[in-house]
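The structure appears below as structure tokens.
Computed over heavy atoms, backbone and side chain alike; hydrogens, waters and symmetry mates excluded. Note that the coordinates shown come from a computational prediction; the quantities given were computed from them, not determined experimentally.
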Amino acid sequence: MSILEADLVRVIARSTLRSFWEAGHADAEQPLKAWYAEASAADWGTMMDIKARYAHASVIDAERVVFNIGGNKYRLVAKVWFAGRAVWIKFVGTHAEYDAIDVNAL
């Protein structure tokens, strides 16, 4: 495995993002693709690393973080497993949809 391959983060699952923009949120496609590309190439070791890049992200706990997407029009909740270099997309939606969920239950 090359050094570059070792640094990649697995983002699970891109299909969640695609389903969202195909379900009537076409304006979210490019911002979500940009977030996916950045997250896939990230070298995050702690939540502080995430906050250094995404100052407006909200850290929920040691594993979950909420990202503002598309100029803060959408929210993406992800669970981060730093040791395993993986990010699980738990939710993507509008602010109204986000306000209706219990982010601590994701």
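Both M47 and F67 are assigned to one and the same hydrophobic cluster, defined by single-linkage of ILVMFWY side chains at heavy-atom distances under 4.5 Å. Note: the hydrophobic cluster containing I69 does not contain F91 (ILVMFWY, side chain heavy atoms under 4.5 Å, direct or indirect links). Criterion: ILVMFWY side-chain heavy atoms under 4.5 Å apart, direct or through other members. Under it, L76 and V66 are not part of a common hydrophobic cluster. Hydrophobic clustering places I60 together with V77 (ILVMFWY residues linked when any side-chain heavy atoms are closer than 4.5 Å, directly or through intermediates).
Between D43 and R85 a salt bridge is recorded (basic side-chain N to carboxylate O distance below 4.0 Å).
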Output a table of donor-acceptor pairs, distance under 3.5 Å, between side-chain atoms of residues 29-37 and any protein atom two or more places apart or on a different chain; print 'none' if there are none.
residue	atom	partner	partner atom	Å
E29	OE2	K33	NZ	2.8

Expected list for residues 96-106: side-chain donor-acceptor pairs under 3.5 angstrom, two or more places apart:
residue	atom	partner	partner atom	Å
E97	OE1	T94	N	2.8
E97	OE1	T94	OG1	3.4
D102	OD1	N104	N	3.1

Show me the donor-acceptor pairs within less than 3.5 Å that the side chains of residues 8-25 make with the rest of the protein, sequence neighbours left out.
residue	atom	partner	partner atom	Å
R10	NH2	G84	O	3.3
T16	OG1	A13	O	3.4
S19	OG	S15	O	2.9

Would E63 and V80 count as a side chain to side chain contact (heavy atoms under 4.5 Å, CB included) if you check the C-alpha gap in whole Å, the side-chain angles of each, and the deciding distance to 0.1 Å?
CA-CA 5 Å; E63 296 180 330; V80 183; 5.9 Å; no

How far apart are the C-alpha atoms of K90 and R64, what are their side-chain angles, what is the distance that settles it, and do they pass the side chain to side chain contact (heavy atoms under 4.5 Å, CB included) test?
CA-CA 9 Å; K90 303 300 279 182; R64 286 176 297 213; 5.6 Å; no

Show your reasoning for whether side chain to side chain contact (heavy atoms under 4.5 Å, CB included) applies to E38 and Y54.
CA-CA 11 Å; E38 287 183 20; Y54 297 96; 2.5 Å; yes

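Smallest separation of non-hydrogen atoms from T46 and F82: C-CZ, 3.4 Å.
The backbone N or O of A57 lies less than 3.5 Å from a partner atom in the side chain of K51, making a donor-acceptor pair. Side-chain atoms of N72 never come within 3.5 Å of backbone atoms of N68 as a donor-acceptor pair (strictly under, hydrogens ignored).
Taken from NE2 in H95 to CZ in R75, the straight-line distance is 4.0 Å, to the nearest 0.5 Å.
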